[in-house]
Structure formats: structure tokens, C-alpha cells
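Encoded as C-alpha cells, the structure appears first; notes follow it.
These numbers were taken from a predicted model, which means no experiment stands behind them. Proteins get letters first, then strands, A, B, ... in listed order; numbering begins at 1 in each.
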Amino acid sequence: MPDARSGRPATPAEAEREQLRLRELVRPGPARPVRPARVAGLDVAYAPDDSVLAAAVVVLDAVTLEVVDSAHALGRPAFGYVPGLFAFREVPTLLDALERLTAVPELLVCDGHGRAHPRRFGLACHLGVLTGLASIGVAKTAFVGTHAPPGPARGDRSPLVDAGETVGAVLRTRSGVKPVYVSTGHRVELDAAVDQVLALTPRYRLPETTRQADRLCRSVLRARLGG
DNA sequence: GCGACAG
DNA sequence: ATCTTGTCGC
């Protein structure tokens with residue numbers, strides 16, 4: 001049974017049930033896309049022995065892409081690594097970091113999938129529902145679904161299809177470079193998510209938000225471990 | 001049955 | 001995710 005105090009699942013079966021419960025709370029995005037003023041990137045770094053993890057959130061001005069705020073938190077992996085239940089590992093610590101922000105973002109850009117998940121409830125959906133904020137997932141590798149290779153130019157995309165439904169977009173953010181996997185989390189439509197990712201990748205393959213968060217959680221972990 | 005499997 | 005050097009190319 002779930003830990004009464006934390007409400008966190010203790011077994012894969014419980015975690016799956018929790019996903020089925022929470023996924024009912026996912027909401028679609030507005031028909032007319034809202035341009036966020038501040039966009040946050042989230043990422044986590046693990047100690048080699050998996051004993052601790054550092055979560056970071058970096059908020060950027062959506063127009064200038066300059067860092068306007070950031071926060072981090074240290075914690076313990078809250079669950080073992082199980083494909084499909086990955087979010088349960090880092091969500092608690094990511095929420096700790098989010099609570100420490102001063103500047104609240106309108107959109108969360110998560111490092112992993114959203115709807116492109118076996119039960120349509122990946123990390124991005126999970127964080128979106130728990131915070132109430134709009135969210136999208138940008139993953140570096142595929143998890144579920146099939147797709148044709150997108151064209152070679154930046155902006156080229158092809159639908160990611162799983163069990164007959166489009167669950168995301170395989171997007172080329174840099175010409176001639178391996179594409180990223182974009183999927184919706186909470187309160188955002190896929191086309192809007194793709195537009196956001198393109199706006200966040202003027203120079204590199206991964207969104208500036210993800211890059212900044214990655215840099216921060218790594219340095220926090222390094223400082224914690226000593227070195 | 002076997003292999004694959006976000007981070 | 002993490003363990004890791006050099007190397008090719010803009």
C-alpha cells in the first residue's frame with residue numbers, strides 16, 4: 001500500500017494505478033495558443049551510486065532566453081528505475097525545487113516524454129498535473145511509437161504514432177542533427193509545443209531550458225559530492 | 001517466448 | 001542517468 005504520509009507508491013503496480021488516476025486530470029491546451037512570458041527547464045542528475053539526486057529548475061525569459069530565476073533541491077530517488085514509471089523517481093525532488101522558485105513560469109519543459117508514453121502519462125504530464133502548470137516533454141530518445149524520419153532541415157517534423165494515435169512529434173531542431181521527441185504534457189497542444197521547442201532551440205539541438213537545467217543540476221550534485 | 005525499454 | 005579520450009568539423 002502507498003506510504004500514508006507521502007502518498008507515494010511503493011510498488012510498480014501501485015505506481016501504475018496512480019498514473020491511471022492522475023491521467024484523468026490532464027487537460028488540453030487553449031485553441032488559441034498562449035505565448036508564455038517565462039519558460040522553465042527541469043532536469044535531474046544522479047550520484048554514481050544512485051544514493052542521491054539533484055534536481056534543478058531554471059526559468060528563462062521566453063523572448064530573450066536569458067535566465068531570470070533558478071532553484072534546486074537535493075533528494076533521494078523515490079522509486080527504482082522502471083521504464084514507464086520513471087517519473088516517480090524524480091517528481092518529489094523536482095517539486096521541491098519548483099517550490100523554491102520566486103518567478104513562476106507559465107510553461108514547464110521537461111526532460112523526458114509527456115503523452116508519448118505507454119499509458120499516455122509520462123513525466124511531463126505528471127509534473128503538469130501536479131503543479132497545474134502547462135507542460136511539454138522533450139526527450140532525446142524514443143520510448144513508444146513509430147515514425148518516419150523527419151526531413152533534414154530545422155523545423156522538419158514527422159508524427160510519432162503509437163497504437164494508431166499521434167502521441168508526439170519527432171522534430172529536427174538543427175539541420176542534419178538527430179531529432180528530438182516532443183510530446184504534450186498538460187494544457188498545451190502538440191503544435192504549440194513544437195513551436196515552443198523551436199523557439200528554444202536557436203542554436204543547439206536541445207532546448208535552452210533543458211541545457212541550463214542540466215548544467216545547474218550537475219554542478220549542484222558535483223558540489224554535494226565534493227569535487 | 002524474446003527483446004526493447006524516457007532518465 | 002553514469003562510467004570515459006580522443007577526434008572530426010565549423
Check: A/Tyr204 main-chain N/O paired with A/Thr201 side-chain donor or acceptor under 3.5 Å: no

Consecutive-pair stems (3 or more, Watson-Crick or G-U, under 3.5 Å) for DNA chain C: none

With sequence neighbours excluded, residues passing salt bridge (charged side-chain N to carboxylate O under 4.0 Å, His left out) with A/Lys140: A/Asp111

Under the side chain to side chain donor-acceptor pair (under 3.5 Å) test, residues paired with A/Arg35 that sit two or more places apart: none

Donor-acceptor contact below 3.5 Å, side chain A/Glu14 vs main chain A/Ala10: yes

Sequence neighbours excluded - side-chain hydrogen bond (donor to acceptor under 3.5 Å, both in side chains) pairs with any residue from residues 165-176 of chain A: A/Arg115-A/Glu165, A/Arg120-A/Glu165

Backbone of A/Val59 reached by a side-chain donor or acceptor of A/Asp69 within 3.5 Å: no

A/Val44 with A/Leu221, same ILVMFWY side-chain cluster at under 4.5 Å: no

NZ/NE/NH1/NH2 to OD/OE distance under 4.0 Å, A/Arg100 and A/Asp96: no

Side-chain H-bond candidate by donor/acceptor type, A/Thr93 with A/Arg76, under 3.5 Å: no

Tell me which donor-acceptor pairs under 3.5 Å the side chains of residues 145-152 of chain A have, and how far apart each pair is, sequence neighbours excluded?
residue, atom, partner, partner atom, Å
A/His147, NE2, A/Tyr181, OH, 3.4

Nucleic acid footprint by protein, nucleotides 1-7 of chain B - heavy-atom cut-off 4.0 Å, B for base, S for sugar-phosphate alone: ----BBB

Contact pattern, 5' to 3', of nucleotides 5-10 of chain C - B, S or - by protein heavy atom under 4.0 Å: ------

Transitive ILVMFWY cluster of A/Phe79, excluding itself - 4.5 Å side-chain cut-off: A/Val82, A/Leu85, A/Phe88

Expected output: side-chain A/Glu106 to main-chain A/Ala37 donor-acceptor under 3.5 Å: yes

Consecutive Watson-Crick or G-U pairs in runs of at least 3, all under 3.5 Å, in which DNA chain B is involved: none

Name the atoms and distances for all side-chain donor-acceptor pairs under 3.5 Å in residues 184-192 of chain A, with sequence neighbours left out.
residue, atom, partner, partner atom, Å
A/His186, ND1, A/Arg27, N, 3.1
A/Arg187, NE, A/Gly132, O, 3.1
A/Arg187, NH2, A/Gly132, O, 2.9
A/Glu189, OE2, A/Gly29, N, 2.6
A/Asp191, OD1, A/Arg157, NH1, 3.1
A/Asp191, OD1, A/Arg157, NH2, 3.1

Contact residues, residues 185-217 of chain A to DNA chain B [heavy atom, < 4.0 Å]: none

Sidechain-backbone polar pair: A/Ser183 side chain, A/Gly168 backbone, donor-acceptor under 3.5 Å: no

Results of side chain to side chain donor-acceptor pair (under 3.5 Å) for A/Gln19 - residues two or more places apart only: A/Arg119

